[in-house]
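All values reported here derive from a predicted model rather than from experimental measurement. Numbers restart at 1 for each chain; the letters A, B, ... are given by sequence-line order, proteins then strands.
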There are 2 protein chains.
Amino acid sequence: MTDKIDISLQKAQDECSRTGLRMTDKRCNVLKILLQASGPLSAYEIADQFKSTFAESLSAMSAYRMLDFLMQANLVHKLETSNQYLACSHISCEHKHELPQFLICDKCHTVKEIGLSKQLLKELKDSIENTGFALSSQQLELHGVCKGCQLIHAD
Amino acid sequence: MTDKIDISLQKAQDECSRTGLRMTDKRCNVLKILLQASGPLSAYEIADQFKSTFAESLSAMSAYRMLDFLMQANLVHKLETSNQYLACSHISCEHKHELPQFLICDKCHTVKEIGLSKQLLKELKDSIENTGFALSSQQLELHGVCKGCQLIHAD
DNA sequence: TATAATATGTTATAACATAACATTTATCAA
DNA sequence: TTGATAAATGTTATGTTATAACATATTATA
């Protein structure tokens with residue numbers, strides 16, 4: 001059965017050949033780990049999972065380099081507020097890539113990549129650019145407590 | 001001459017006594033360093049400046065603890081995307097404290113604390129909370145290039 | 001003043017990230 | 001096909017950010 005992960009990996013491969021980026025086996029396997037992960041992972045966690053999943057060594061140094069590549073290729077995002085990495089949730093779809101927006105739960109640490117309305121994003125962007133500041137396509141990371149955790153935790 | 005920094009320090013003192021927080025000399029001096037700084041500083045930089053400014057030692061460990069206190073007291077913010085700390089720019093004024101918003105220049109690393117319109121912030125907040133997610137009062141950190149650097153740099 | 005709580009000092013170490021150089025692998029012109 | 005070049009990966013060392021654990025000093029208050 002060809003599942004969503006395989007489709008994403010295939011799309012990633014295709015996109016790289018199209019744009020002349022070299023998607024090696026190791027890079028692909030790093031992406032695979034992130035696609036399979038239930039949440040964002042640190043570079044060191046990725047290196048560890050690589051070793052156990054593929055029975056092949058990967059230094060943290062290499063993990064960082066591969067993550068840099070995958071981020072350049074827009075296949076992976078880094079959460080700057082938690083020093084973790086995750087696969088872009090739009091690899092397999094046709095969406096144009098917008099400024100990504102993440103909701104990060106500070107209780108269970110799950111992350112949801114959301115899509116705010118174009119209208120709202122435009123207003124936000126305009127307000128900022130009116131001050132003369134040129135936004136680079138960085139992301140919005142918003143912290144709080146997800147629905148599930150609100151029900152469970154009182155603290 | 002009683003300058004803005006002294007006024008801010010006094011306000012900080014007053015606010016702490018009012019709310020029962022203990023503003024010690026060292027904590028006050030850490031705040032002073034941030035008020036005098038031209039930009040955000042890392043915890044280690046703060047410890048170093050403390051030593052040279054006050055001719056008194058301060059370990060990084062202590063700097064972190066004092067920063068934690070100052071953040072709890074809402075006198076200092078941490079830039080989560082760059083691991084740096086800065087004094088709240090609203091200590092000396094009467095503004096109610098809203099979700100802080102920072103524009104961070106990736107060229108010259110200056111940071112501007114801005115105030116987006118209440119209207120826009122409300123829309124943003126509502127959009128997010130409609131998904132069931134409870135925003136904690138975290139901040140918005142937006143990266144890009146400031147006006148000055150746009151003129152200077154081509155790259 | 002005794003005692004309890006809070007703050008600070010000190011040392012060690014964990015976690016995140018990059019520099020520098022060696023080796024291997026892939027690309028491509030001759 | 002091979003030799004030259006560039007790109008990727010390996011390896012070691014080190015820099016940077018942050019916290020844990022326990023000792024000592026200071027402050028608040030019963």
**Q** Of all residues at least two apart in sequence or in a different chain, which pass the salt bridge (Lys or Arg N to Asp or Glu O under 4.0 Å) check with K112(B)?
**A** none
**Q** Can you check whether K78(B) has a side-chain N or O nearer than 4.0 Å to OP1 or OP2 of dT17(D)?
**A** no
**Q** Separation of M61(A) atom CE from dC21(C) atom P, in whole Å?
**A**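 M61(A) atom CE is separated from dC21(C) atom P by 14 Å.
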**Q** Return the set of residues passing side-chain hydrogen bond (donor to acceptor under 3.5 Å, both in side chains) with S59(B) (not counting sequence neighbours), or none when no residue passes.
**A** S62(B)
**Q** Do any of residues 28-56 of chain B sit with a heavy atom less than 4.0 Å from DNA chain D, and if so which?
**A** S42(B), Y44(B)
**Q** Listed by chain and number, what are the ring-ring contact (aromatic ring centres under 6.0 Å, His included) partners of F69(B), not counting sequence neighbours?
**A** none
**Q** Find the distance M23(B):CE to dA7(C):C1' and express it as a whole number of Å.
**A**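 Rounding to the nearest Å, CE of M23(B) and C1' of dA7(C) are 14 Å apart.
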**Q** Nearest 0.5 Å please: distance from the SG atom of C28(A) over to the CG atom of L70(A).
**A** 9.0 Å
**Q** Using the side-chain hydrogen bond (donor to acceptor under 3.5 Å, both in side chains) criterion, which residues pair with Q36(B)? Sequence neighbours excluded.
**A** none
**Q** Atom OH of Y64(B) to atom C1' of dA20(D): distance rounded to whole Å?
**A** 14 Å
**Q** Tell me every residue that passes side-chain contact (heavy atoms from CB on, under 4.5 Å) with N29(B), counting only those two or more places apart in sequence or in another chain.
**A** K32(B), F50(B), F54(B)
**Q** Could I get the full list of side-chain contact (heavy atoms from CB on, under 4.5 Å) partners for L121(B), not counting sequence neighbours?
**A** L99(B), Q101(B), L116(B)
**Q** So, is Y85(A) close to the dC16(C) phosphate, meaning a side-chain N or O under 4.0 Å from OP1 or OP2?
**A** no
**Q** Tell me, please, which residues at least two apart from E80(A) pass side-chain hydrogen bond (donor to acceptor under 3.5 Å, both in side chains).
**A** none
**Q** Find every protein N or O atom lying less than 3.5 Å from an N or O atom of nucleotides 6-9 of chain D, and list the pairs.
**A**
{"unit_1": "dA8(D)", "atom_1": "OP1", "unit_2": "R27(A)", "atom_2": "NH1", "d": "3.1"}
{"unit_1": "dT9(D)", "atom_1": "OP1", "unit_2": "T24(A)", "atom_2": "OG1", "d": "2.5"}
{"unit_1": "dT9(D)", "atom_1": "OP2", "unit_2": "R27(A)", "atom_2": "NE", "d": "3.2"}

**Q** Would you say N83(A) reaches dA15(C)'s phosphate, i.e. side-chain N/O to OP1/OP2 under 4.0 Å?
**A**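 It does not, given that no N or O in the side chain of N83(A) lies less than 4.0 Å from OP1 or OP2 of dA15(C).
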